[in-house]
Amino acid sequence: MDARDLHTPVLLERCVELLAPALDRPGAVLVDATLGMGGHAEAFLERFPDARLVGLDRDTDALRLAGERLERFGDRVSLVHTVYDGIADAAASVGLARVDAVLFDLGVSSLQLDLADRGFAYARDAPLDMRMDQTRGTTAAEVIATYPEGSLRRIFERYGEEKLAGRYARFIVDARQKAPIERSGQLVDILVAATPAAVQRAGHPAKRVFQALRIEVNAELSVLERAIPAALDLLRVGGRIVVMSYQSLEDRIVKRALADATASTAPAGLPIEMPEHAARFRLLVKGAELASDAEREANPRATPVRLRAAERVRAA
């Protein structure tokens, strides 16, 4: 299996453009906090021959494939098996206290979506796993089997923004009393049966529920809330961060973290801002940047992307 056949990097040229000023110097370090199959990482290593990469991923399959893809870059590459809120420890483990650039490409990877046995895709019948790191943690099947109805409703509402959350939770609890729900196909059938025909015409009934389960299984939002501030703290002055989100819950967390980092800490009412209160970062793009029509056509997985970026302008 060749990683290049499974993955087209989203907004690659824009990411290169935004991070280039931080990486175009000897010894610069990029942390790819969501390495995946290494598409972005490979491009950066090719275009910045004096730069070094630290690649993080919780998915051991992704690390293996990315490692094969990036092997030709030798000791310029360090790969670390970790969740991205462990970014500071990962950098320290390879002798780094500060880095020049950080890239986050959030959400489920192409590998996880395309390999049916991972259970992420509602369009393919597979075991209900959904763990990004298959070496540890609770599976989606275990969530479906053990969570009370109220807890299922809560995660469908919170993480899937699902209007039929209560109805879906009730149908799942009723169904699991008759037989274990262990495969994605079983869950899809239950959700379809629970969905009024008029609602089904507005989109697949399983889409938001599968998103919610994936976020719950992998604790994605709580991890992200810790990861963005940790990544900002790791950047040296002049260092840059780019974050690509694919759904509104992620983007809100990123937006809030960057807003805090780019705000003055001066108390209200001071006639002048003291240097120690000046913002530590400045935004590099206005709001959330979307993919162009051409990019969406060439790579449909870019359709929901929201890109945000910032640069450190002052030491802590």
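One-based numbering along the sequence shown.
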Taking NZ, NE, NH1 and NH2 as the nitrogens, is one of them in [X] or [Y] under 4.0 Å from a carboxylate oxygen of the other?
X: Asp133; Y: Arg58; value: no
X: Arg14; Y: Glu289; value: yes
X: Arg308; Y: Asp251; value: yes
X: Arg47; Y: Asp24; value: no
X: Glu162; Y: Arg167; value: no
X: Glu220; Y: Arg214; value: yes

Same hydrophobic cluster for [X] and [Y], using side-chain heavy-atom links shorter than 4.5 Å among ILVMFWY?
X: Leu290; Y: Val10; result: no
X: Leu18; Y: Val313; result: no
X: Ile190; Y: Val199; result: yes
X: Val16; Y: Val285; result: yes
X: Leu30; Y: Val237; result: no

Hey, does [Y] have a side-chain heavy atom less than 4.5 Å from the side chain of [X]?
X: Phe44; Y: Leu19; value: yes
X: Leu103; Y: His40; value: yes
X: Thr195; Y: Phe171; value: no
X: Glu182; Y: Gln186; value: yes
X: Asp32; Y: Leu56; value: no

Say you draw a straight line from [atom1] of [X] to [atom2] of [Y]; how long is it, rounded to the nearest 0.5 Å?
X: Ile181; Y: Arg176; atom1: CD1; atom2: CZ; value: 7.5 Å
X: Leu213; Y: Tyr147; atom1: CG; atom2: OH; value: 9.0 Å
X: Glu142; Y: Asp129; atom1: CD; atom2: CG; value: 8.5 Å
X: Arg252; Y: Leu221; atom1: CZ; atom2: CG; value: 10.0 Å
X: Asp57; Y: Thr82; atom1: CG; atom2: OG1; value: 10.0 Å
X: Arg306; Y: Leu106; atom1: CZ; atom2: CG; value: 11.5 Å

Return yes when atom [atom1] of [X] has more than 12 non-hydrogen atoms of other residues, nucleotides or ligands closer than 6.0 Å, and no otherwise.
X: Arg158; atom1: CZ; answer: no
X: Glu71; atom1: CD; answer: no
X: Glu297; atom1: CD; answer: no

* Asked: Can you list the steps and then say if Tyr122 with Lys207 is a side-chain contact (heavy atoms from CB on, under 4.5 Å)?
  -> CA-CA 7 Å; Tyr122 54 80; Lys207 180 178 180 180; 3.8 Å; yes
* Is there a side-chain contact (heavy atoms from CB on, under 4.5 Å) between Leu152 and Val143 once you walk through the steps? -> CA-CA 8 Å; Leu152 290 174; Val143 171; 4.2 Å; yes
* Qualifying residues under side-chain hydrogen bond (donor to acceptor under 3.5 Å, both in side chains), relative to Arg296, sequence neighbours excluded ->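 Partners of Arg296 by the side-chain hydrogen bond (donor to acceptor under 3.5 Å, both in side chains) criterion come out as none, since no residue qualifies.
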Taking all non-hydrogen atoms of both residues into account, name the closest pair between [X] and [Y] and its distance.
X: Val242; Y: Ala309; value: CG2-CB, 3.9 Å
X: His81; Y: Arg136; value: CE1-NH2, 3.8 Å
X: Val99; Y: Val102; value: CG2-CG2, 3.9 Å
X: Tyr246; Y: Arg301; value: CE2-O, 3.6 Å
X: Phe281; Y: Leu232; value: CZ-O, 3.4 Å
X: Ala43; Y: Leu12; value: CB-CD1, 3.6 Å

* To do: Walk me through it: do Ser245 and Phe104 pass the test side-chain contact (heavy atoms from CB on, under 4.5 Å)?
  => CA-CA 8 Å; Ser245 307; Phe104 285 89; over 6 Å; no
* Asked: Between the side chain of Arg314 and the main-chain N/O of Ala278, is any donor-acceptor distance below 3.5 Å?
  ->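 A pair under 3.5 Å: yes.
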* Go through the steps to decide whether Glu42 and Arg72 satisfy the test salt bridge (charged side-chain N to carboxylate O under 4.0 Å, His left out), and finish with yes or no. => CA-CA 10 Å; Glu42 181 180 47; Arg72 63 192 172 96; 3.1 Å; yes
* Please test Lys255 against Asp260 for salt bridge (charged side-chain N to carboxylate O under 4.0 Å, His left out), starting from the C-alpha separation and ending with a verdict. => CA-CA 9 Å; Lys255 178 182 179 181; Asp260 289 344; over 6 Å; no
* Let me see the working for Ile228 and Val243 under side-chain contact (heavy atoms from CB on, under 4.5 Å), right down to the final yes or no. => CA-CA 9 Å; Ile228 300 300; Val243 186; 4.0 Å; yes
* **Option passing side-chain hydrogen bond (donor to acceptor under 3.5 Å, both in side chains) with Asp100 (candidates Arg240, Arg25, Arg52, Arg312)** => Arg25
* Asked: Judged by modelled atom types alone, do Glu161 and Ser248 share a side-chain donor-acceptor pair under 3.5 Å?
  -> yes
